[in-house]
Amino acid sequence: MLCKLWKIELYPAITLPMEETTIHMHTPLDSMRIIHWASGASMSSTLPISDPDPDPGLLGPDSLSWRLHEEQWLIMAGARAFLLQATHPKVAQGALDYSSFAEDPFGRVSRTIQGMAVLIFGTTNEANSMARHINRLHHTVHGTLPDSLGRYAAGETYSAMEPSALLWVHIAFVDSMLTAYKTFVGPLSHAECEQYWQESCRYARLLGLTDTMLPASYAAVQQYIREALASGEIAIGPAAHFIAQKVLYPSLPWLRKPLWMIVRLITVGQLPSDIRQAYGLRWTTRHKTGFRLARGVGHLLRRHFPNALGRSPLVNFARRRVKGELCRRAEPVLHKQSAEGTSG
């Protein structure tokens, strides 16, 4: 089977010239467009995956991960994940020292989201290539901590490939996705959370984490999170505060600030209470009421306007790829012999 590589635009409706098969990638209101409207930041208009080979990748269409990520409400997890990841002093310092976070926070967030999307929905080849790319970048990230913080001393070295840092980044991502789903979509059973965690370990292993490093169960993950703050493994210092300031209070035109107030409320409301307190974020009765209202509006929108956000074009592309709809079978080429060659 021969496959042609298509460039899939994320926002416009797309018709792929594949024999008589038409694939519409348009959704009524794409989640990344919402971030663009709220922040004014430029967002990529193309999907991060493009390989049409009908390979299910690391997880495949029957995975719980693909089903959950069809819900574009999971975009609400992005800012929360960054704030949670930044609570690890070595993660936060590395982000400031080696990324463009200070100058382009939204671009940094967008690139991270796209990288994770490739790992989860890409073909095996795309996922492996992305993992190698991320690992190459991580191997260049190393330095020293400027301040004593938590259980870490000033001058202690850090590396992006350090197991505790890698693990905290992964746990923060997984926990944020599950939290956003439970907040804005619906409940998840313990078995579903367990399945999501076990599936996430497949791409975590590509990024340098081993089975001995990864908690064996979702319950162990929750225990790890509870103990991390008490043990000093995570501690919020100047680097984390800087990242939180950029995420929660970005420099925006005044017309966009009311929109970002909603993003800030949703982000802070999803944080664990001890993390919220450690950041020094105010969470009054007014904030709690506003968060419950925002969550309720989200549930109403999803119930009465189920296609308001639509299904993820990323998952749509991946599902159609696995079905073989992005490939076309080559017609056999018949070489006719000349009359002279066949006579006799």
Side-chain angles (χ1 to χ4, degrees), residues 8 10 25 27 30-32 35 43-44 46-82 84-85 108-135 137-138 166-182 184-185 188 192-211 214-215 218 221 309-323 325-326:
I8 309 298
L10 183 59
M25 302 299 289
T27 57
D30 185 78
S31 59
M32 294 305 289
I35 299 300
M43 296 288 169
S44 175
T46 59
L47 294 178
I49 57 175
S50 58
D51 188 349
D53 182 50
D55 167 30
L58 299 178
L59 303 178
D62 295 329
S63 66
L64 180 67
S65 298
W66 280 33
R67 178 170 72 81
L68 298 193
H69 283 267
E70 281 185 319
E71 295 283 351
Q72 296 207 85
W73 291 98
L74 263 64
I75 193 66
M76 303 300 182
R80 192 256 197 194
F82 261 78
L84 194 57
Q85 289 170 350
R108 175 71 170 80
V109 171
S110 177
R111 288 189 293 275
T112 299
I113 291 173
Q114 292 210 341
M116 296 307 299
V118 175
L119 293 175
I120 297 173
F121 303 109
T123 60
T124 303
N125 182 57
E126 285 179 319
N128 287 332
S129 295
M130 176 55 68
R132 287 193 295 269
H133 173 70
I134 293 173
N135 290 335
L137 292 178
H138 283 175
L166 284 173
L167 179 58
W168 184 251
V169 167
H170 181 66
I171 284 177
F173 173 80
V174 170
D175 186 70
S176 294
M177 292 299 155
L178 292 175
T179 297
Y181 190 96
K182 288 185 282 189
F184 295 101
V185 180
L188 290 170
E192 288 173 319
C193 292
E194 177 68 26
Q195 182 179 345
Y196 188 86
W197 168 252
Q198 296 300 336
E199 289 175 359
S200 79
C201 292
R202 299 181 196 174
Y203 53 84
R205 295 183 186 102
L206 293 183
L207 299 177
L209 289 168
T210 65
D211 288 338
L214 290 162
Y218 179 69
V221 170
L309 280 180
R311 295 295 180 178
S312 166
L314 183 68
V315 183
N316 185 28
F317 177 90
R319 288 192 183 281
R320 291 181 179 275
R321 180 196 76 221
V322 173
K323 291 178 181 178
E325 295 180 9
L326 304 186

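The basis for the numbers below is simple: all heavy atoms, side chains too, and nothing from hydrogens, waters or symmetry mates.
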>> Using side-chain contact (heavy atoms from CB on, under 4.5 Å), reason through M177 and S200 one step at a time and then give a plain yes or no.
In response: CA-CA 11 Å; M177 292 299 155; S200 79; over 6 Å; no

>> Using every non-hydrogen atom in the two residues, find where F184 and M76 come nearest and quote the distance to one decimal.
In response: CE1-CB, 3.8 Å

> Does E126 use its side chain to pair, donor to acceptor, with the backbone of D51 at less than 3.5 Å?
Replying inline: yes

> Donor-acceptor pair, N135 side chain versus L206 backbone, under 3.5 Å?
Replying inline: yes

> Got a sec, which residues hit salt bridge (charged side-chain N to carboxylate O under 4.0 Å, His left out) with E192, two or more places apart in sequence or on another chain?
Replying inline: R67

> Checking side-chain contact (heavy atoms from CB on, under 4.5 Å) for the pair L84/D175: CA distance, chi angles, key distance, verdict?
Replying inline: CA-CA 9 Å; L84 194 57; D175 186 70; 4.1 Å; yes

> side-chain contact (heavy atoms from CB on, under 4.5 Å) between H170 and L166: does it pass, once the steps are laid out?
Replying inline: CA-CA 6 Å; H170 181 66; L166 284 173; over 6 Å; no

> Who are the ring-ring contact (aromatic ring centres under 6.0 Å, His included) partners of Y181, not counting sequence neighbours?
Replying inline: none

>> Check the orientation of F173 and H69. Use parallel for under 30°, tilted for 30 to 60°, and perpendicular for over 60°.
In response: parallel

> Would you say the side chain of C201 lies within less than 4.5 Å of the side chain of L209, judging by non-hydrogen atoms?
Replying inline: no

> If you measure only the distance, is there a donor-acceptor pair under 3.5 Å linking the side chains of N128 and R132?
Replying inline: no

>> Are the side chains of L58 and I120 in contact, using a 4.5 Å heavy-atom criterion?
In response: no

>> Does F121 form a side-chain contact (heavy atoms from CB on, under 4.5 Å) with L59? I'd like the steps, not just the answer.
In response: CA-CA 7 Å; F121 303 109; L59 303 178; over 6 Å; no

> Are L188 and L68 close enough that some pair of their side-chain heavy atoms sits under 4.5 Å apart?
Replying inline: yes

> Got a second to check how far S312's OG is from F317's CZ, nearest 0.5 Å?
Replying inline: 12.0 Å

> Looking only at heavy atoms, what is the nearest atom pair of S176 and A77, with distance?
Replying inline: O-CB, 3.3 Å

> If you round to the nearest 0.5 Å, how far is CD of E70 from CG of L314?
Replying inline: 10.5 Å

>> In the structure I gave you, are the side-chain heavy atoms of Y203 and M116 within less than 4.5 Å of one another anywhere?
In response: yes

> What are the two closest heavy atoms between A318 and W66, and how far apart are they?
Replying inline: CB-CH2, 3.5 Å

>> Show the nearest heavy-atom pair for residues G122 and I49, with the distance to one decimal.
In response: CA-CG2, 3.7 Å

> Taking R320 for the side chain and L326 for the main chain, is one N or O donor matched with an acceptor at less than 3.5 Å?
Replying inline: no

> Q195: what forms a side-chain hydrogen bond (donor to acceptor under 3.5 Å, both in side chains) with it, not counting sequence neighbours?
Replying inline: E199

> Atom CG in L137, atom CZ in R111: separation rounded to 0.5 Å?
Replying inline: 10.5 Å

>> If I compare all heavy atoms of P313 with all of Q72, which pair ends up nearest, and what's the gap?
In response: CD-OE1, 3.7 Å

> Looking at side-chain heavy atoms only, is the closest gap between W197 and I171 below 4.5 Å?
Replying inline: yes

> Under 3.5 Å, side chain of D55 to main-chain N/O of T123, donor-acceptor pair present?
Replying inline: no

> Just how far is it from atom CG of L64 to atom CD of Q198, taken to the nearest 0.5 Å?
Replying inline: 12.0 Å

>> Quick check: closest heavy atoms across R321 and G57, and the distance to 0.1 Å?
In response: NH2-N, 4.3 Å

